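These notes concern the structure reproduced below.
Just so you know, these numbers come straight off a predicted model, no measurement behind them.
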Protein chains: 2
Amino acid sequence: MTEIKRPGALYQQVAAAIRDAILSGEFAPGAPLPSEAQLIERYKVSRPTVRNAVAALRAEGLVNVQHGKGSFVRTSGLPPVTVERRISRSGSAGPFVTHDGITWEQPDEPKIYRTETTAITGPPLGLGEGEALFGCDRLLTDPATGTRALHRTLIPFATAEDTELAQAPDTEPAAIYELLTKAGHKLWWTETVQARMPLPDERDALQIPDATPVLHTTRTTHGTNDQPLILEDLRISAERAQLAYRITAEKPPAARRARA
Amino acid sequence: MTEIKRPGALYQQVAAAIRDAILSGEFAPGAPLPSEAQLIERYKVSRPTVRNAVAALRAEGLVNVQHGKGSFVRTSGLPPVTVERRISRSGSAGPFVTHDGITWEQPDEPKIYRTETTAITGPPLGLGEGEALFGCDRLLTDPATGTRALHRTLIPFATAEDTELAQAPDTEPAAIYELLTKAGHKLWWTETVQARMPLPDERDALQIPDATPVLHTTRTTHGTNDQPLILEDLRISAERAQLAYRITAEKPPAARRARA
DNA sequence: AGTCTCAACTCGTAAGGACGAGTGACGTCA
DNA sequence: TGACGTCACTCGTCCTTACGAGTTGAGACT
C-alpha cells in the first residue's frame with residue numbers, strides 16, 4: 001500500500017493519492033489507471049471506496065472512464081478551437097455563416113419555429129413576456145476539429161416585418177446583418193458569456209464528456225436608436241473551445257451600469 | 001411509489017422521476033427534497049440507489065445537499081453579477097481598480113512573487129518558456145453580492161523596466177494602463193474566455209458550490225507595434241457571474257486567424 | 001486461413017448492514 | 001428565565017456480496 005495522508009474520508013485520501021500519482025507523472029496523460037481490482041489491492045480498501053475516489057477524480061475532470069476498458073488520465077491540451085467573437089465582414093459564400101472565426105457546417109436542416117419571449121429572452125430584446133418571435137435552431141460542426149455548437153436565432157416580429165425575414169427566418173446571421181444595414185441601421189452588438197453544466201439534451205447534441213461545462217453566449221444586435229433587433233445564442237462545449245475578444249480603449253460613453 | 005419510466009438504470013429512473021417532480025413544480029426552488037428515507041419509501045429502492053440518483057441531480061446542478069439538514073432544489077436565478085469587460089477610463093480612487101464594471105474590494109494583501117513563463121503564459125506574451133516575470137495575485141470581493149474573483153497580473157521584465165513597475169508590481173491594472181499610455185503606448189487588448197471545473201484550491205478560495213464551473217478569462221495588453229506588454233487573468237465562479245462584451249462593426253483588419 | 005465462440009478482463013448497477021457526523025429542537029436542570 | 005445536554009433527524013462513509021454489461025483476445029472449429 002502506497003502511503004495515504006490525513007485529510008478526511010478514506011476515499012478522499014485514495015483520490016488524493018491517485019491525483020498525486022497522476023500529477024507526479026506516474027500515470028501519464030492518456031495512460032490507463034490501475035483497474036479497480038488493482039486499486040483495491042494497492043490501497044487495501046473496498047470497491048465502493050475505490051469507485052468513490054475515482055468518481056471524485058472524474059468530477060474534477062482529471063480522469064475518463066470507459067465501460068469495459070478502464071480509466072484513463074484525461075489528456076488536457078489547450079482548447080483546440082478559438083471562436084473569435086467579432087463581426088465578420090460578411091463576405092459569405094461558405095457552407096455557413098462564418099459569423100465568427102471559423103467556417104461551420106450544418107449537418108442537419110435548420111429548425112424553424114415560432115415562440116414567445118420569456119423572462120430570459122424578453123429583457124435583452126426590450127420586450128415583455130409573451131411577445132411573438134421567429135426562432136431558428138442550428139447544429140453547427142467544425143469539420144476540421146469535430147467541435148460542435150448549437151446556434152439559435154430569435155427574431156421579434158417587429159424586426160421581421162421591417163425586412164424580409166418573416167419569409168426566411170433561417171437567413172444566416174451575416175446575411176441578416178447585411179439586410180439590417182441595408183434597411184438603414186447602424187449596428188452594434190452586446191454579448192454576454194455564461195458557463196454552466198450542460199442539460200442532458202445538450203450533453204447529447206454536443207457530445208460533451210464528463211465534468212465539462214458549456215460556454216453559453218448570448219448576442220443582442222442593436223440598430224439605430226440602440227433598439228434591440230435580434231437575439232442570437234451560441235452554446236459550445238468548453239472542452240473544445242475558448243472565446244476570443246478584441247478590446248479597444250473607449251471614450252467614456254453613456255455610462256452603462258452592471259445589471260444587479 | 002410514483003411511477004417510474006423505462007430508460008436505463010434504476011437510479012437514473014429515480015433521478016428522472018425526481019427531476020420531473022422538480023420541473024413540474026412539486027418541489028419548488030429552495031424547497032427541501034424528501035429525505036433519503038422518504039425517497040427509499042416512495043420509490044421502493046435501496047439507499048445506495050437513492051443516493052446515486054441524488055448524486056446525479058447534484059452533478060447536474062439541480063440540487064444542493066447539506067449534511068445534517070437535507071437536500072434542496074437549487075434556486076437558479078440569473079447570474080447576479082455582470083462583469084463588463086471593457087476598459088474603464090481609469091478615474092481610479094475606489095478601493096480597487098474598477099477594471100471592469102464593478103468596484104471590487106481586496107480583503108487580503110496582494111501577493112507579489114517572481115516566476116517564469118510556461119507553455120501557457122509564454123505564447124500570449126510573445127515569449128518562450130522560462131522567461132522571468134513579476135506576478136501579483138489578488139482575491140477580489142464584490143461586497144454588494146459576496147461574489148469573489150481571483151485576479152493575477154503577470155509582468156515581463158522587459159515591460160517592468162520601461163516603467164516603474166519593477167518597484168511596484170502590485171500596481172492596479174487601471175494604473176498600469178495609465179503608466180503604459182504615459183510611456184507612449186497606444187493600447188489595445190485581446191481577451192480569451194474559457195470555462196472548466198474548478199481546481200480544489202479554487203473551489204476553496206472562490207467558495208464554489210457543487211457542479212458549477214469557473215469562468216477563466218485571460219487578457220493580454222498590447223502596446224504600440226502590437227507587442228504584448230502585460231498578461232492578466234481573472235477567475236470567477238460561473239454561478240454568480242456572467243461576462244459582458246460590447247462589439248462594434250470593424251473594418252477588415254489584418255486578417256487574424258483562429259489558432260488551431 | 002478465416003471465422004466464430006467463449007472466457008476473462010474491465011466498469012456499472014443493486015442490495016444489505018453498520019456506524020459516524022452535522023443540525024436543530026425539545027426538555028431538563030440550575 | 002436561561003443555559004445546557006440529550007435525542008431524533010438529516011446526510012456521509014465504509015464494508016460485503018452479487019450479478020449485469022461492454023471489450024478484448026485466445027482458442028477451437030470450419
Side-chain angles (χ1 to χ4, degrees), chain A residues 1 4-19 22 27 30-74 200 203 207 209-211, chain B residues 1 4-19 22 27 30-74 200 203 207 209-211:
Chain A
M1 149 150 149
I4 279 188
K5 302 121 188 184
R6 300 296 81 60
L10 227 198
Y11 80 91
Q12 285 174 338
Q13 299 172 26
V14 173
I18 300 176
R19 191 187 299 114
I22 291 174
F27 306 130
L33 240 51
S35 73
E36 291 179 356
Q38 291 168 326
L39 291 174
I40 290 169
E41 182 61 24
R42 174 161 175 168
Y43 297 111
K44 307 295 186 203
V45 294
S46 72
R47 187 157 174 239
T49 303
V50 163
R51 284 187 61 77
N52 215 342
V54 173
L57 298 174
R58 230 216 270 219
E60 288 176 31
L62 253 181
V63 156
N64 266 337
V65 179
Q66 283 170 267
H67 190 170
K69 299 182 75 173
S71 306
F72 302 85
V73 181
R74 194 181 281 195
R203 284 187 64 92
Q207 300 172 338
D210 275 339
Chain B
M1 151 150 147
I4 280 187
K5 304 117 188 186
R6 301 295 83 61
L10 226 199
Y11 80 91
Q12 286 174 340
Q13 299 172 27
V14 174
I18 300 176
R19 190 187 301 114
I22 291 174
F27 307 130
L33 242 48
S35 73
E36 291 180 357
Q38 290 169 328
L39 291 174
I40 289 169
E41 182 60 25
R42 175 161 174 167
Y43 296 111
K44 308 295 186 203
V45 294
S46 70
R47 185 157 176 242
T49 303
V50 163
R51 284 187 62 76
N52 215 342
V54 174
L57 297 174
R58 233 216 267 220
E60 288 176 30
L62 254 180
V63 156
N64 265 338
V65 179
Q66 283 171 267
H67 189 170
K69 299 182 74 175
S71 307
F72 302 85
V73 180
R74 194 181 281 195
R203 283 187 63 92
Q207 299 173 338
D210 276 339

- Taking the side chain of B/K69 as heavy atoms from C-beta outward, which of C/dC11, C/dT13, C/dT23 is closest to it? C/dT23
Separation of atom [atom1] in [X] from atom [atom2] in [N], rounded to whole Å:
X: A/Q66; N: C/dG12; atom1: CD; atom2: P; value: 10 Å
X: A/N64; N: C/dT10; atom1: CG; atom2: P; value: 19 Å
X: A/I40; N: C/dC11; atom1: CD1; atom2: C1'; value: 11 Å
X: A/E36; N: C/dC11; atom1: CD; atom2: C1'; value: 5 Å
X: B/K44; N: C/dA15; atom1: NZ; atom2: C1'; value: 16 Å
X: A/L57; N: C/dC11; atom1: CG; atom2: C1'; value: 15 Å

Once you round to the nearest 0.5 Å, how far does [atom1] of [X] lie from [atom2] of [Y]?
X: A/F27; Y: A/I18; atom1: CZ; atom2: CD1; value: 7.5 Å
X: B/S71; Y: B/N64; atom1: OG; atom2: CG; value: 9.0 Å
X: A/E60; Y: A/D210; atom1: CD; atom2: CG; value: 12.5 Å
X: B/T49; Y: B/E36; atom1: OG1; atom2: CD; value: 11.5 Å

- Item | Members of residues 46-56 of chain A that approach DNA chain C, where some heavy atom sits under 4.0 Å away | A/R47, A/R51
Going by heavy atoms in the side chains, are [X] and [Y] under 4.5 Å from each other?
X: B/V14; Y: B/L39; result: no
X: A/P48; Y: A/Y11; result: no
X: B/E41; Y: B/P34; result: no

- Indicate the atoms forming the closest heavy-atom contact of B/A15 with B/A56, along with that distance. CB-CB, 4.4 Å
- Item | Outermost DNA chain D nucleotides near chain A [under 4.0 Å, heavy atoms] | D/dT13 to D/dT24
